[in-house]
Amino acid sequence: MRDTQIRMSAPGNDPLRVLVADDDRMLREIAAAMLENAGFAVETVAGGDAAVAACLARMADLILLDVEMPEGNGYQACANIRALPAGRDVPIVMVTGFDDAASINLAYDAGATDFVVKPINWALLTHRIRYVLRGARTIEALRLSEQKNSALLRAIPDGIFLVNGSGAISHCFSPLPSLGEPQGHAPSVAHLKELLPPQALPRAMQTLAAALCGAPASFEFSLPGQAAASRHFECRYLPNATGQVLAIMRDITQRRQTEAHIHRLAYFDALTGLPNREWIGDYLAQSLAAVADREQGLALLFIDLDQFKRINDTLGHETGDALLKHVAGRLSAVLGDGSGPAQLARVGGDEFIVVLTGADAAQAEQAAQRIQRALAAPFLHGSYEFVVTSSIGIALYPEHGADGQTLLKNADGAMYEAKASGRNQFRRYTSAVHARALKRLSLEMQLRRAFENSQLEVYYQPQYDARTLKVAGAEALLRWFHPQRGRIATADFVAVAEETGLIGDIGRWTLQQVCRDLQRWRGAGLTVPSIAVNVSGRDFTRQDVLLRLSHVVEEARLPASLFELELTEGVLMQDVEGGQRSLLALKEFGFGLAVDDFGTGYCSLNYLKRFPLDTLKVDRAFVNDLTVDADDAAIVRAIIGLGHNLDLKLVAEGVETPAQLEFLRTAGCDLIQGFLMSEAVPADALVGLLNTGVPAPGGDARLTGERQAG
């Protein structure tokens, strides 16, 4: 059975080859016969040099070398065979006639695996050869196992050390190049203190003591970087039965960098690099706890850029993003680097938050003033120059809330109050602000339901020829009659619709309703004058919305010349170039164009000449006192003269007294509208006015509590 195992272990199941080198021919023949009978393949040579040559040609599985041979003795032959590429591990058995210790030592010194003494016991020789071969196979298997283990350890990205209770390193199984640790099995670094930075050693020894009690333990440490960033490591101790621990050290720098990147994505704004809403929420909670312990105050500033969406819609998000980065830079500069009591964060598209730890009301207002001064200078980007203003809401701890959520809500409400007051202002939270915010929120929800439930109506404010007092046109105005609250002021719900974005749908519905009324009137054979329809400033900046307005009129099969689209002077002056493009587009569709509230938006003559307008509407603010205020009278005359010089039609709004009418007639105004002639009326009532042409004094309209909408 053992013979079979030896034979089968040879490559390709060939018999194992034995080389016999002896100068005694008889001994060579006996050895060959005995070994071949045992199943070996035998090659014989007569000298040491011949044995080396035979091994060089083909290495045997085992070699029998006689010590005393005339052509190269066995010792020299053994040493030469060991020097051959394949001779390092081949079993070599020396055959010697001397059994003294010196001869045996010489054999082992030459590289012999074993030795036999002459005279040879041939019966035992084959068994001895088998055991030598088995030992060689075992050594080879161990060597291969060591090579595999070594390769595996080199592939592991960890440093593996054997450490005793005092921190001494007794063995290094796998080095960690990034740590500068011991190399190989005989470490040049003998103790953990030579491997770790000084600040990490106490923690390392404390954790080592815990691991020696029988439970795995770990700690982390860092090596400060020079050219590169710091490197981070984790060391795990695994106890064993020898009173030592296996220390496994891993470079976790990449993991730490990945965690830091994930943290930055989660808590910082990618565009500006500022903390985001999540981060500032945690910071605010910690700051509130700190000021509560110290019995200090805290201020929260909610900053919103005024009309920023207009820049995005007009010039694109790339320009908007660049502007936001500029704004963030100025805010950071004016508030500091965030290490002091002021912490800045970006929490929305154009919304920022500032937390002022330990600040009172006066300090919060001073910070708001600094912010608005910092934003006052124009921003330059490419060929564009922008002036960005901000509306700021202020909430104070503990007066306006004891937790972050309440402070944020109240600061947001105060910010909306600042916007409603005309923008580019700051407001501190008050109970009145809260009440108005609740009212506004309620109004927003009710407006959505009213629009969905068709509670909005279109009324028409007649426009009269100033000379003949015949109906010459009308302005379409929205009315909302709430089932419980009665009539809602138009200015209130239109402002809510603008802020919430609902104005686009409402504006399209309004134009569709006007189209339906015009179709009905034309079908009844009435001569229908042009109808003025207000266009939202949000819609005016979007070419796709303007195209939809044209499609509404086309679908109704009505000429666009029946409609005069009104835009406020302020909307036109926000973006002169964009306004000119939009007006030209509307003009190409065939619409008439009017500027509403003229005189309030500081529109210069130069700009007015560039706009393809048909009508100027004199704002009621000038009409109200033109009979008692010489300045207002002069302004109205100038506007009428300017309009006529530009071949524009002039309409005066808010005419309420005969004296005003007479002044406007004398000044040459073309059309008038106001309560003196008629209030805004439903569509059916306008039909009666168109049929009779008789003015319908609107005294009763004053009872609604609203002056004149439009």
With the side chain counted from C-beta on, respond yes when [X] and [Y] share a heavy-atom pair under 4.5 Å apart, and no when they do not.
X	Y	result
Phe221	Pro197	yes
Leu35	Val20	yes
Phe219	Cys235	yes
Ile280	Leu344	no
Ile63	Val18	no
Leu298	Leu288	yes
Asp49	Val52	no
Leu331	Ile371	yes

Rounded to the nearest 0.5 Å, how far apart are [atom1] of [X] and [atom2] of [Y]?
X	Y	atom1	atom2	answer
Leu223	Gln199	CG	CD	8.0 Å
Asn164	Leu208	CG	CG	8.0 Å
Leu246	Tyr237	CG	OH	11.5 Å
Leu284	Tyr397	CG	OH	11.0 Å
Ile120	Asp22	CD1	CG	7.0 Å
Phe379	His326	CZ	NE2	8.0 Å

Please determine whether the number of non-hydrogen atoms from other residues, nucleotides or ligands lying under 6.0 Å from atom [atom1] of [X] exceeds 12.
X	atom1	value
Glu220	CD	yes
Gln405	CD	no
Glu295	CD	no
Glu318	CD	no

Answer yes or no: is there a donor N or O on one side and an acceptor on the other, between the side chain of [X] and the main chain of [Y], under 3.5 Å?
X	Y	result
Arg128	Phe115	yes
Glu36	Ala33	no
Thr207	Arg203	yes
Asn410	Gly401	no
Arg17	Asp61	no
His400	Leu396	yes
Thr113	Ile92	yes

Over all atoms of both residues, closest heavy-atom pair of [X] and [Y]:
X	Y	value
Val45	Arg28	O-CD, 3.2 Å
Gln343	Pro275	NE2-CG, 3.6 Å
Ile392	Ala368	CD1-O, 3.8 Å
Leu271	Lys325	O-CD, 3.4 Å
Pro91	Val132	CB-CG1, 3.6 Å
Pro15	Ala41	CB-N, 4.0 Å

Practice task
Classify the side-chain pair Asn80/Gln76 by whether it contains a donor and acceptor separated by less than 3.5 Å.
Solution key: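 Yes - a donor-acceptor pair under 3.5 Å links their side chains.
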Exercise for the section: Scan side-chain atoms only and decide if Ser218 and Glu234 contain a donor-acceptor pair under the 3.5 Å cut-off. Expected result: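 Side chains of Ser218 and Glu234: no pair found under 3.5 Å.
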Problem - Stepwise side chain to side chain contact (heavy atoms under 4.5 Å, CB included) check, Leu375 with Val334 - result: CA-CA 10 Å; Leu375 298 179; Val334 75; over 6 Å; no
Handout entry: Whether Phe268 and Trp279 hold their rings parallel, tilted or perpendicular, with breakpoints at 30° and 60°
Key =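 Ring orientation, 0 to 90° scale: tilted.
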Handout entry: Evaluation steps, side chain to side chain contact (heavy atoms under 4.5 Å, CB included), between Ile129 and Leu133
Key = CA-CA 6 Å; Ile129 287 174; Leu133 285 169; 3.9 Å; yes
Handout entry: Steps toward side chain to side chain donor-acceptor pair (under 3.5 Å) verdict (Asp282, Gln286)
Key = CA-CA 6 Å; Asp282 293 343; Gln286 295 169 9; over 6 Å; no
Problem - Arg134/Glu140 salt bridge by N-O under 4.0 Å criterion - result: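 No, no charged N to carboxylate O under 4.0 Å.
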Practice task
Kindly indicate, with the supporting measurements, whether the criterion salt bridge (Lys or Arg N to Asp or Glu O under 4.0 Å) is fulfilled by Glu351 and Arg346.
Solution key: CA-CA 6 Å; Glu351 296 174 338; Arg346 181 187 178 212; over 6 Å; no
Practice task
Check the pair Lys118, Asp66 against salt bridge (Lys or Arg N to Asp or Glu O under 4.0 Å), reporting the backbone distance first and the verdict last.
Solution key: CA-CA 10 Å; Lys118 293 180 180 180; Asp66 187 22; 3.2 Å; yes
Exercise for the section: Start with the C-alpha gap between Ile353 and Leu301, add the side-chain angles, then the distance that decides, and say whether side chain to side chain contact (heavy atoms under 4.5 Å, CB included) holds. Expected result: CA-CA 6 Å; Ile353 280 178; Leu301 278 63; over 6 Å; no
Exercise for the section: Report the residues that fulfil ring pair (Phe, Tyr, Trp, His ring centres under 6.0 Å) with Phe426, sequence neighbours left out, ordered by chain and then residue number. Expected result: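 Partners of Phe426 under the ring pair (Phe, Tyr, Trp, His ring centres under 6.0 Å) test: none.
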Handout entry: Test applied, side-chain hydrogen bond (donor to acceptor under 3.5 Å, both in side chains); reference residue, Asp251; option that passes from Arg231, His232, Arg256
Key =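 The option that passes is Arg231.
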Problem - side chain to side chain contact (heavy atoms under 4.5 Å, CB included) assessment of His191 paired with Ile169 - result: CA-CA 5 Å; His191 196 277; Ile169 299 173; 5.8 Å; no
